[in-house]
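Chain identifiers are assigned alphabetically (A, B, ...) following the order of the sequence lines, protein sequences preceding nucleic acid strands; residue numbering begins at 1 within each chain.
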Amino acid sequence: MRDKRDYLLQEQEDATMLNFTSEIVKSVADTGLIEAAEAEALLVTPPKEDMGDYALPCFTLAKRLRKNPAAIAAEIAEKIAPSELIVRVETQGAYLNFFVNRTAFVRQCFSEISDDSKDFGATDHGRGKTVVIDYSSPNIAKEFRVFHLRTTVLGHALYNIFRALGYKVVSVNHLGDWGTQFGVVIAAFKEKGDREALDHEPLKYLTQLYVDYNRRMAEDESLRETARGWLRKLEDGDEEAHELWRLFCDLSIKDFKRVYLRLGIEFDHYLGESFYFRFTDEIIRKAQADGVAVESQGAIVIKMDDEDIPPVILRKSDGATGYHTRDIAAAIWRHENFGFDKMLYVVGAEQKLYFRQLIEALEKLGHGWAKNLEHVAHGLYLDTREVDGVQVRAKAGTRSGFKVILEDIIDDAVARAERVIDENYPNGFPGDKKQAAEAIGIGAIVFGDLKNGRIKDVVFDWETVLNFKGESGPYLQYSHARLCSILGKYGGAVEREVDFALLDDPEEFAIARLAADLPRILLRTAEACEPSVLCSYLVALAGAFNKYYTDISRHKVVDPANPARTKARVLMVDCVRRVLGKGLKILGISPMEKM
RNA sequence: GCACCCUUAGCUCAAUGGAUAGAGCGUUGGCCUCCGGAGCCAAAGGUUGAAGGUUCGAGUCCUUCAGGGUGCGCCA
């Protein structure tokens, strides 16, 4: 028995990482100068390692106690006796700095992470709760463009995060498969449609038809009328219109699924707007009967409390239903069928007003649960281009002439990954090169998107996306592959009972602190619906390990001359690998074992 | 015109109201006899758009202004 304190800790089988913070909170609360809850909220990590492991700023106490904050800190410090977990308390000005028992910390951290009976990072935060996530939701008959990447990748990451936190998660792809655009596409196809071209590249061809007809429609009112006519026929159940619509939908979904498959995304439900059309008549009838909806300028609308906000249009003056009507029906149907506690709409920030209207309309219709709907707004992809010699930013879209097909971007990133593999493996890659390139290219694109704060507009920059160095998906994947490689070099099974006192290097403690943070990071990510939090965390973790690893003279992991230390370090490597791998999977990126 | 969002290093972005504002890219200079160089280290780069205010403490909260973006009844 090397250290009695370690023995004591071993008996606390269900100890969690939070023990360290709760011990600190308890010790300061015991002084009677501050409440436990307040202390917990104030607890921070010092900016520099030598200042301590946890810190409590005492400024807020100064006013209440009418004393100099530095004096208060000193007073508290004096009353705290060292314990098994907290070995020392120091003051620096008004800051109270705590130093933990690092061996105990490292033991607890790595024991928990390596415990296969527990899913480290997972919590029961969402047990018994259901969250519905509405994301991606592309429009039928329109190409899947780079703009869709944000909602698709964000929604998928949120899906994984909420699931990790114990929620029941239902993903819904609210396909844009109804509305005026179908009048346009059917009219265009009837006019000069080519079945062969359609079968060859459905989305590309349908988009062409749409763009072309749309442009001519702006100048020719009769074309507009024809399109409106086809939409009416579609809504009235006309057989020919319905048949064409079905064909366009089937071909489009097939194209979308090919992209989703590459991104590793599956939806629990593909329920487009057309599915909810059957409920809209009843909703409108009831809204009118209840006096919630009124006639206005030939349309049937729900007026908003704030007169400056335009009303929700349930039925347009031409008799067709609106986008809002189908979303109202969708929300009600989902509430009846999924019984959600929360529903997230992962949709661009430009639709903020739209969702505010939707929620208010649902509340007016008597659905109190509408307060559980949240618009998880994200920024736009912007394109930079020169106009009259100046760089301007503009929304990337078909109309502006900037057209980037998502699949083309994926292909380019994958091709780039393949080139890098060829450079690094002149004698051939030991494994499935195509598969590796696919995972790396997609990792680059997915991470390149998610690392941005979601509300920020993203300027699409090839240089950044295709640069696999630095803060990138491939950097994290590479770090993971290297961790795997070290374990492969070690060869044996990872042992969990090791001499933790041998992990006494400050860098090892820093790695443990980061690794131990995963559960807290996942909670923060979910609460803010902000996967960029998890992204920064993973970069910090990988960076801490890469730094440690590079100093081979001091930190050689596998060292036959020192078997006991090797075992301890191998456990640490395995734990970092587990945390990094878990984080990457949540983001929707493949953790590579070799690349 | 009105509403909402954004503005941090040359570029792209970080920073639960807390200590000296951090990364990456790019630039310059280092580091493979040894577990994978898609890595690591270092240098240079800042009046956090401007001015007030709240606070013990503001990149962060409030007000005004400037610049940019987005939206504003029958597109989805």
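Nucleic acid contact class of A:R524 (heavy atoms, under 4.0 Å, all strands): sugar-phosphate only. Note on A:L466: nothing from the nucleic acid sits closer than 4.0 angstrom, heavy atoms only.
Applying the Watson-Crick and G-U wobble criteria (two distances, each under 3.5 Å), B:rG22 pairs with B:rC13. Across all strands shown, B:rA50 pairs with B:rU64; the Watson-Crick or G-U wobble distances both stay below 3.5 Å.
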Are A:F256 and A:I140 close enough, and set up right, to give a side chain to side chain contact (heavy atoms under 4.5 Å, CB included), and what steps lead you there? CA-CA 9 Å; A:F256 293 145; A:I140 296 290; 4.1 Å; yes
Point to revise | A:R232 and A:E235: CA distance, side-chain angles, deciding distance, salt bridge (Lys or Arg N to Asp or Glu O under 4.0 Å) verdict | key: CA-CA 5 Å; A:R232 243 189 322 270; A:E235 293 209 337; over 6 Å; no
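Rounded to a whole Å, the CG atom of A:N214 is 11 Å from the P atom of B:rC75. Computed from coordinates, the A:D517 CG to B:rU16 C1' distance equals 12 Å when rounded to whole Å. Whole-Å rounding puts the A:K547 NZ to B:rC41 C1' distance at 9 Å. The NZ atom of A:K48 sits 22 Å away from the P atom of B:rA15 (whole-angstrom rounding). If you measure from atom CD of A:E350 to atom P of B:rA76, you get 16 Å, rounded to the nearest angstrom. Rounded to an integer number of Å, the gap from CZ of A:R356 to C1' of B:rC4 is 9 Å. The interatomic distance linking A:R554 (CZ) with B:rC40 (P) rounds to 16 Å, in whole Å. Distance A:L353 CG to B:rC4 P: 11 Å, rounded to the nearest Å.
Of the listed residues (A:Y354, A:F277, A:Y276), just one forms a ring-ring contact (aromatic ring centres under 6.0 Å, His included) with A:Y323, and that residue is A:Y354. Looking at A:V376, A:V172, A:T151, A:D327 one by one, the single match for side-chain contact (heavy atoms from CB on, under 4.5 Å) with A:Y345 turns out to be A:D327.
Taking the centre of each ring, A:Y54 and A:Y95 stay at or above the 6.0 Å mark. Checked against a 6.0 Å centroid threshold, the rings of A:F248 and A:F182 do not count as neighbours.
Every pair passing side chain to side chain donor-acceptor pair (under 3.5 Å) that includes a residue from residues 435-450 of chain A is listed here, sequence neighbours excluded: A:R150-A:D449, A:R262-A:E438, A:Y381-A:D449.
Checking B:rG39, B:rA76, B:rC5 against every side-chain atom of A:K352, the shortest atom distance belongs to B:rC5. Among B:rG73, B:rG39, B:rU16, the nucleotide with an atom closest to any side-chain atom of A:V44 is B:rU16. Among the nucleotides B:rG73, B:rA76, B:rA19, the one closest to any side-chain atom of A:P310 is B:rG73. Of the candidates B:rA19, B:rA38, B:rA76, B:rA76 carries the atom nearest the A:Q351 side chain, counting heavy atoms from C-beta on. When the nucleotides B:rC74, B:rC40, B:rA76 are ranked by their closest atom to the side chain of A:I313, B:rC74 comes out on top.
Ion pairing between a basic and an acidic side chain is recognised when a charged N comes within 4.0 Å of a carboxylate O; A:D559 and A:K556 show no such pairing. Salt bridge annotation for A:E221-A:R224: present, with a cationic side-chain nitrogen under 4.0 angstrom from a carboxylate oxygen.
Comparing the same atom, P, in B:rU60 and in B:rU54 gives a spacing of 15 Å after rounding to whole Å. On the C1' atoms, B:rG10 is 33 Å away from B:rG71, given to the nearest whole Å. Rounded to the nearest Å, the gap between the P atom of B:rG67 and that of B:rG57 is 32 Å. To the nearest whole angstrom, the two C1' atoms, one in B:rC62 and one in B:rU55, are 12 Å apart.
One finds a side-chain N or O of A:T180 lying less than 4.0 angstrom from the OP1 or OP2 phosphate oxygen of B:rA76. Remark: A:K316 is in phosphate contact with B:rA76, judged by side-chain N or O atoms under 4.0 Å from OP1 or OP2. At B:rA76, none of the side-chain N or O atoms of A:K142 fall inside 4.0 Å of OP1 or OP2 (strictly under the cut-off). Note on A:K456: every side-chain N or O is 4.0 Å or more away from OP1 and OP2 of B:rU12.
Remark: ring of A:Y95 stacked against base of B:rA19; centroid gap under 5.5 Å, plane tilt under 30°.
The aromatic rings of A:W178 and A:W245 stand perpendicular to each other, their planes meeting at an angle above 60°, with 30° marking the opposite boundary. Between A:H148 and A:F144, the ring-plane angle classifies as parallel under the 30° and 60° cut-offs.
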Protein-proximity profile, nucleotides 53-59 of chain B, B/S/- by nucleotide at the 4.0 Å heavy-atom cutoff, equals --SB---
A correct 5'-to-3' footprint of nucleotides 24-36 of chain B, with B, S and - meaning base, sugar-phosphate only and no protein heavy atom under 4.0 Å, is SSS-------BBB
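For B:rC32, the base is syn relative to its sugar; the glycosidic angle is within 90° of 0.
Here the straight-line distance linking atom OG of A:S136 with atom CG of A:L154 works out to 11.0 Å at 0.5 Å rounding.
Residue order along RNA chain B, read from the 5' end via each residue's closest nucleotide, puts A:N97 first among A:N97 and A:T321. Where A:S532 and A:A299 meet RNA chain B, the nucleotide closest to each residue was compared, and A:S532 sits on the side nearer the 5' end.
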